Structures are given as C-alpha cells and as structure tokens.
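Numbers here simply count residues along the sequence, with the first being 1. Everything quoted here is computed from the prediction, not taken from an experiment.
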Amino acid sequence: MLTLVKLFSIGLLLWLGSVTPARADFCRQVDNQRICILDIKRSAKNYWQYQAMVSIDGIEQPAASYDCRDRLITDPDGNMSSFRSRKDGKIVCSLYRPRG
C-alpha cells in the first residue's frame with residue numbers, strides 16, 4: 001500500500017513537471033483596447049530604446065522599435081508614428097526609467 005502511494009506521488013510529480021504553463025504576457029487595458037507585450041528586448045547601446053512585439057486586442061502586431069525618449073515607434077518598414085496615434089508605446093515604455 002505504501003509503495004503504491006509513493007509510485008502515485010512520483011508519477012504525479014513527473015506529470016506536473018511536464019505540463020507547460022500558459023504564456024504569461026504583460027497586458028494592460030488602455031482606452032478599451034487590451035495591449036500585451038509578447039516579446040521585448042532593450043537596446044544595449046541606447047537604454048531608452050526597445051525592440052518589442054505586441055498584440056492589440058489579441059491581434060499580433062509586427063515587431064517595432066520603441067524610442068521612449070523621443071516617444072516614437074518605428075515599424076519594420078521604417079515608418080514612424082508617435083505615441084499619440086498608438087497606445088502600445090506607453091505600455092512598452094512604462095518599463096523605461098530615465099537615468100538621473
């Protein structure tokens with residue numbers, strides 16, 4: 001009886017270890033839109049710049065460059081837009097803290 005409990009416990013632990021957790025994205029609600037950061041990398045050279053991939057209302061957007069100092073977003077084609085026209089810039093740059 002005791003060995004059966006041990007075997008069950010070991011099997012349960014192995015099973016729980018093999019289950020992959022759900023993807024935990026950083027999400028915020030802004031003006032009735034759900035904006036999630038799916039992937040983000042900070043520039044090594046310019047600490048105020050990020051490369052990020054976001055989703056808006058569940059729709060994945062192309063990766064873009066976010067300049068938190070000048071408050072500009074540059075898409076892969078080189079088109080620039082301001083944080084006023086796109087709400088995802090505020091979310092990405094909420095991680096940015098200016099050095100002082």
For this session: Evaluate the side chain to side chain contact (heavy atoms under 4.5 Å, CB included) criterion for residues Y50 and I37: first the C-alpha distance (whole Å), next the side-chain angles of each, then the deciding distance (0.1 Å), finally the verdict.
Result: CA-CA 11 Å; Y50 291 91; I37 299 174; over 6 Å; no
For this session: Could you please spell out the steps behind the side chain to side chain contact (heavy atoms under 4.5 Å, CB included) verdict for Y66 and D88?
Result: CA-CA 9 Å; Y66 294 81; D88 53 325; 2.6 Å; yes
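Of the possible donor and acceptor atoms, none in the side chain of D39 sits under 3.5 Å from a partner among the backbone N and O of A52. The main-chain N or O of R69 is found under 3.5 Å from a side-chain atom of D67 such that the two form a donor-acceptor pair. Side-chain atoms of D77 do not come within 3.5 Å of backbone N or O of N79 as any donor-acceptor pair.
Proximity of K90 to V30: side-chain heavy atoms (C-beta onward) are nowhere separated by under 4.5 Å.
Partner of I35 under the side-chain contact (heavy atoms from CB on, under 4.5 Å) criterion, chosen from Q61, K87, R28: K87.
Closest non-hydrogen pair, S94 versus I91, comes out as OG-O, 2.6 Å. Closest of all the heavy-atom pairs between S85 and S82 is OG-O, 3.0 Å. When all heavy atoms of C93 and F83 are compared, the closest pair comes out as SG-CZ, 3.6 Å. The minimum heavy-atom distance between Y47 and R42, with the atom names listed, is CB-NH2, 2.9 Å. Of all non-hydrogen atoms in Q33 and D57, the two that sit nearest each other are CA-OD1, 3.3 Å.
Here L72 contributes atom CG and M80 contributes atom CE; the two are 4.5 Å apart, rounded to the nearest 0.5 Å. Of the inter-residue distances, the one linking R34 atom CZ with I59 atom CD1 reads 14.0 Å to the nearest 0.5 angstrom. Rounding to the nearest 0.5 Å gives a distance of 12.5 Å between CZ of R71 and OG of S81.
Linking ILVMFWY side-chain heavy atoms closer than 4.5 Å, directly or via other members, places F26 and V92 in a single hydrophobic cluster.
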